[in-house]
Amino acid sequence: MNKVISGFSKLTKEQKIQWLTDNFLSDTEGSNPPRALGVMGGGILKKFWHNDPEFQKVFDGFSENTVSNFPIPLGIAPNFVINGKTYAIPMAIEESSVVAAASSAAKYWLERGGFHAEVLNTQKVGQVHFTWAGAVVNDKHQTLWDFFPELKKTILEETAFLTVNMRNRGGGVLDIELVDFTETEEEYYQLRVTFETCDSMGANFINSVLEEMGIVLTQFLTAKTGIAPVVVMSILSNYTPQCVVRAWVECDIEDFHDKDAAFYAEKFRKAVRIARIDPYRAVTHNKGIFNGIDAVVLATANDFRAIEACGHAYAACDGQYRSLSQCTIEGNHFKFWLDIPMAVGTVGGLTSLHPLAKLSLDILGNPSAQELMMIIATMGLAQNFAAVRSLVTTGIQKGHMKMHLSNILNHFNCTEGESEKTRQYFDDKTVSFSAVREYVEQLRKSELV
Ligand code: MEV
């Protein structure tokens with residue numbers, strides 16, 4: 001218990017760092033490589049503070065108890081042609097090979113008509129979860145359905161002050177349904193509300209409206225029946241199966257690969273099919289899709305946890321977890337597509353507060369939310385295409401190991417000459433951390449002699 005602290009949030013950033021140093025750091029020397037926090041005001045955490053205090057203030061404002069920043073590379077995947085328009089797509093990702101794979105898929109499809117994408121629908125969902133014990137009032141059996149038409153009208157009227165701006169932008173509340181769960185949970189009902197939130201992701205808007213709906217619901221039922229409902233919670237649902245975007249590519253079979261095109265196209269189709277029918281493969285397959293999706297979602301400061309949670313639920317919507325992408329070969333025609341829910345925004349939230357998110361959106365031509373949905377889904381498809389194509393042709397390790405080798409060379413602070421020689425040496429050998437270390441050590445010794 002001696003490391004427990006109260007009032008941590010009240011400490012200054014430097015005091016927080018000092019407290020961490022005193023209580024949790026094993027290496028406080030700041031030795032080589034500089035791993036430690038070091039003394040008050042110094043050390044590695046402070047090295048990652050932004051040198052412009054104004055920027056640092058912005059980052060600190062995003063979260064609580066901040067002590068530093070955690071940088072992730074921002075890369076660009078150029079040459080994406082989507083519905084005839086060319087994009088350079090920003091990707092915030094730490095995993096090597098992802099940006100390279102996206103870029104190579106973009107180039108591949110550039111020569112085959114580019115990517116196609118279409119937004120299928122854009123509805124978001126929120127819920128007011130409540131219990132109500134009023135099925136029998138004054139010996140009279142009453143159901144919520146008796147009151148619901150009037151309740152719905154009242155809720156819409158009394159929340160109008162919160163929805164007016166969104167309605168002026170073309171969105172707002174689309175519908176309110178009453179869902180009766182009393183057979184599975186005593187007295188439990190919900191209002192399931194559908195929303196259109198235009199270019200914003202809409203979480204704050206939806207949650208504010210839902211909380212107000214909970215108040216109106218309580219007042220209404222209490223006044224009508226004398227029995228107050230208990231609002232358990234009011235919150236948006238991150239499951240948005242009615243906010244789905246489709247991205248696809250297609251080509252003639254002979255264009256699929258430079259040799260044995262039909263063989264490789266069929267192998268590719270089979271690999272996607274395996275991910276449709278086997279959850280073990282489906283999870284890895286979908287992970288590859290999210291490699292691309294998360295990177296763009298993060299670069300544009302959208303909520304990647306929401307997108308992931310929803311995508312995985314959608315992948316299991318028929319009761320079995322399946323690949324999100326699908327592939328067909330019909331006659332001479334290869335088609336590969338991805339349908340995925342994508343609740344993102346291009347206004348509100350961090351999109352304009354985070355300077356790099358703002359820049360990313362600028363690079364993308366300041367798209368609407370629907371255009372961004374198409375860009376992100378395309379990136380997911382591209383990433384998936386690149387991964388599966390590698391898997392069914394050369395195998396994945398060749399490309400991965402090239403990047404892995406670069407990381408290891410960096411780790412050993414290799415000079416350009418050392419890197420070049422090591423790369424040549426490992427061209428036809430298996431890369432491992434220990435093998436590279438051994439080779440670099442030998443190289444250094446031999447060069448000393
Ligand atoms: C690695 O991050 C992603 C892959 O495993 C995806 C896949 O297997 O399809 C390469």
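Counting starts at 1 for both ligands and their atoms, in listed order. As a basis for the values below, the full set of heavy atoms in this structure was taken, side chains included, without hydrogen atoms, waters or symmetry mates.
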Contacting atoms of ligand 1, where contact means under 4.0 angstrom from a heavy atom of G288: 6 (C)
Examine H285 against ligand 1 and note whether any of their N/O atoms are separated by less than 3.5 Å. no
For the residue pair K57 and F55, would you count it as a cation-pi contact if the rule is NZ or CZ under 6.0 angstrom from the ring centre and within 45 degrees of the ring axis? no
Without hydrogens or angle criteria, can the side chains of Q18 and E14 be said to hold a donor-acceptor pair below 3.5 Å? no
Distance-only, no hydrogens or angles: does the K13 side chain make a donor-acceptor pair with backbone N or O of V67 under 3.5 Å? no
Are any of the side-chain nitrogens in E250 or R112 under 4.0 Å away from the carboxylate oxygens of its partner? no
Which residue owns the protein heavy atom closest to atom 9 (O) of ligand 1, what's the atom, and how far is it? R281 NH2, 2.7 Å
Distance-only polar pair, side chains of S406 and R423, donor-acceptor under 3.5 Å: yes
Under 4.0 Å from one or more heavy atoms of K287, ligand 1 contributes atoms 1 (C), 2 (O)
Which residue supplies the protein heavy atom nearest to atom 3 (C) of ligand 1, what is that atom called, and how far is it? N291 ND2, 3.6 Å
So, are E266 and R273 salt-bridged, with charged N and O less than 4.0 Å apart? no
Closest protein heavy atom to atom 6 (C) of ligand 1, given as residue, atom name and distance to 0.1 Å: T284 O, 3.5 Å
Which ligand 1 atoms are under 4.0 Å away from a heavy-atom of L391? 7 (C), 8 (O), 9 (O)
Could you identify the single nearest non-hydrogen protein atom to atom 10 (C) of ligand 1 and state the distance to 0.1 Å? I396 CD1, 3.8 Å
Going by distance only, is there an N or O of N384 that falls short of 3.5 Å from an N or O of ligand 1? no
Under 4.0 Å from a heavy atom of E95: which atoms of ligand 1 are those, numbered in the order shown and with their elements? 1 (C), 2 (O)
Compute whether any side-chain donor of one residue and acceptor of the other, for E211 and N207, lie under 3.5 angstrom apart. no
